[in-house]
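Computed over heavy atoms, backbone and side chain alike; hydrogens, waters and symmetry mates excluded. Throughout, numbering of the chain's residues begins at 1 and tracks the sequence.
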Amino acid sequence: MAELYIERAGILKKFTFILIIVVIICIVFSKKIFSIDHSVSESNLYINVFDPKSLKFNFYKFDQIQNKSKLLLSKERADYTAFAYSELNNKLYFADGISDHTIQLFENDLITNQMKQLTTVFNNVDFIQIDKEQKIILMRVLLRDEFRNFHIATYNLQTKKIQIWDEENKDRSVLDFNYNPNNNQLIVITFSKNEDQKEITEANKNQTKLQPIKHSLDVYDIEGRKKKHIANVERFISGVSLAPDANSVIISYDEAVDSPISHVVEIDFQSKKVKPLLDSSGIYSKIRSVKYDENKNGFYFLSSMIDESKRYSILEIPKESVLSYYDFKKNKVRTVWRSEKSVIVNYSAEYF
């Protein structure tokens, strides 16, 4: 009997050991599977919110999986500011004014809370993004002697060198751009400054509605070399994003410069076909700042909830400012972040 008991005990120990191993393997694989699933459309987001009462810009890190936000920096500023966050260095890069009334690039170390001015040569800095190595800042700039001719410029955080793209061109102006770290390329929207000024002058003179001018959509590499021309678009464009596979682009645009009605379309690079994706509604008015997610499963966008009983005004603070996500497969929109009586100015997604 004793030998039988010992034998059964040995078998039980072996069975228990095997069961533990199986459970551990299941846990490890399940965690792997779930982590992959979360990365599809739930990366960390960095959100810049303007409070019109306090005149403060609040920079947040938002964890979509935990549904938790963390305040990175609060900065009092009366004018628009853009920003980029380096997770690697725990530093925030943003635009701020200096005593000569220009707007320059600044760095704030979130560990030491030390702030440092990085540029002096520009008239204005906005639309700040950071490359995948988190070594180069990309931004839209006005040079000191210019007021309407925007360029793209880069600032190397290691060498401190500034490179201004197409600096000699005094007519082509950058409306918007979007850098995608997955392919290390940019989609850039440009237009003719002279043509734009002509349209504005004629609209004012004839008391007619302003008409959109031709915008050129082009792909550039990180060095500022033009890779390909995609399309010419005559719309009031409010956002652009290059796909991770660099085979398509999405744009958001308004029906008129003073209209809350907007649309999102996708342009395929090979076929040149334009595919409608999303139209504004009462909840999602004034759609802008579209951005593909990391795996091209959908896109993020900003919109405003407005008072439909009032006449729309560009300067009016919306009832709610909303950051949302559109899922391609489900053909549905989900709300990511809401901000009442304040404005989500810009945001970025963590793809690193």
Side-chain angles (χ1 to χ4, degrees), residues 43-64 68-131 134-142 144 150 152-155 157 160 162 176-179 239 288-289 291 300 302 304 314-318 320-323 336-350 352:
S43 56
N44 287 329
L45 296 170
Y46 302 96
I47 306 169
N48 175 15
V49 182
F50 174 65
D51 182 351
K53 287 187 177 180
S54 64
L55 296 180
K56 281 188 176 180
F57 284 85
N58 297 309
F59 303 96
Y60 294 97
K61 176 181 178 179
F62 179 59
D63 185 327
Q64 294 191 80
K68 290 182 180 179
S69 60
K70 176 185 177 183
L71 181 65
L72 299 175
L73 180 69
S74 185
K75 186 83 170 62
E76 189 171 329
R77 173 136 173 74
D79 297 323
Y80 168 92
T81 183
F83 82 110
Y85 175 63
S86 171
E87 184 82 44
L88 181 66
N89 303 311
N90 201 15
K91 291 180 180 179
L92 194 72
Y93 299 93
F94 63 96
D96 203 355
I98 60 174
S99 58
D100 65 359
H101 305 294
T102 63
I103 297 173
Q104 305 296 334
L105 178 67
F106 282 77
E107 174 189 271
N108 186 272
D109 190 317
L110 298 179
I111 298 175
T112 64
N113 200 31
Q114 289 186 331
M115 199 173 298
K116 182 166 62 174
Q117 182 179 334
L118 300 181
T119 66
T120 59
V121 298
F122 301 122
N123 187 10
N124 188 79
V125 170
D126 61 13
F127 297 1
I128 301 168
Q129 296 180 40
I130 192 167
D131 81 319
Q134 301 188 38
K135 296 176 181 178
I136 296 174
I137 299 294
L138 301 108
M139 51 198 162
R140 191 180 75 152
V141 301
L142 273 178
R144 282 277 184 171
F150 287 90
I152 290 177
T154 59
Y155 180 87
L157 295 169
K160 316 300 181 189
I162 295 170
D176 199 357
F177 75 92
N178 171 248
Y179 166 77
R288 60 196 183 277
S289 301
K291 287 183 176 66
Y300 296 96
L302 295 180
S304 300
I314 296 173
L315 301 176
E316 184 180 347
I317 301 297
E320 279 190 336
S321 189
V322 187
L323 172 59
V336 176
W337 175 290
R338 287 184 184 272
S339 187
E340 293 185 6
K341 296 180 180 178
S342 57
V343 181
I344 302 175
V345 180
N346 45 48
Y347 69 98
S348 61
E350 180 187 79
F352 308 109

Drop me the distance from Thr119's OG1 to Gln104's CD, to the nearest 0.5 angstrom.
4.0 Å
Note: Asp51-Lys56 ion pair, threshold 4.0 Å (strictly below):
no
Pairs flagged by salt bridge (Lys or Arg N to Asp or Glu O under 4.0 Å) wherever residues 92-101 is involved - sequence neighbours left out
Lys75-Asp96, Arg77-Asp96, Asp100-Arg144
Test applied, side-chain contact (heavy atoms from CB on, under 4.5 Å); reference residue, Asn58; option that passes from Leu72, Leu71, Asn48, Val345:
Leu71
Between the main-chain N or O of Ala95 and the side-chain N or O of Thr81, is there a donor-acceptor pair closer than 3.5 Å?
yes
Kindly compute the distance separating CD1 (Ile47) from NZ (Lys61), expressed to the nearest 0.5 Å.
12.0 Å
Should Phe62 and Leu323 count as side-chain neighbours, where that means a heavy-atom distance under 4.5 Å?
no
Checking Glu87 side chain against Gln134 main chain: does a donor-acceptor pair fall under 3.5 Å?
no
Pairwise distance OG1(Thr102) to CG(Asn123) - rounded to 0.5 angstrom
7.0 Å
Check Ile162, Leu157, Thr154 against Ile137 for a side-chain contact (heavy atoms from CB on, under 4.5 Å) and give me the one that passes.
Leu157
Would you find a donor on one side and an acceptor on the other, under 3.5 Å apart, between the side chain of Ser348 and the backbone of Ala84?
no
Can you list every side-chain hydrogen bond (donor to acceptor under 3.5 Å, both in side chains) pair that touches residues 105-118, not counting sequence neighbours?
Tyr93-Glu107
Take the angle between the ring planes of Phe50 and Phe57 and call it parallel below 30°, perpendicular above 60°, tilted in between.
tilted
Distance, nearest 0.5 Å, that separates CG of Leu142 from CG of Asn124:
5.5 Å
Nearest 0.5 Å please: distance from the OG atom of Ser289 over to the CG atom of Asp176.
7.5 Å
Partners of Phe122 by ring-ring contact (aromatic ring centres under 6.0 Å, His included), sequence neighbours excluded?
none
If we only count heavy atoms from C-beta on, is the Leu73 to Tyr85 side-chain gap below 4.5 Å?
no
CD on Glu340 to OG on Ser321, rounded to 0.5 Å
11.5 Å
Minimum-distance pair of heavy atoms, taken over all atoms of Tyr179 and Gln129:
N-OE1, 2.9 Å
Are any of the side-chain heavy atoms of Trp337 and Ile344 separated by less than 4.5 Å?
yes
Apply the ring-ring contact (aromatic ring centres under 6.0 Å, His included) test between Phe83 and each candidate in Phe59, Tyr60, Phe127; give the one that qualifies.
Phe59
Pair Ile103-Asp126, side-chain contact (heavy atoms from CB on, under 4.5 Å): steps then yes or no
CA-CA 9 Å; Ile103 297 173; Asp126 61 13; over 6 Å; no
Near Lys160 NZ, under 6.0 Å, is it more than 12 heavy atoms from other residues, nucleotides or ligands?
yes
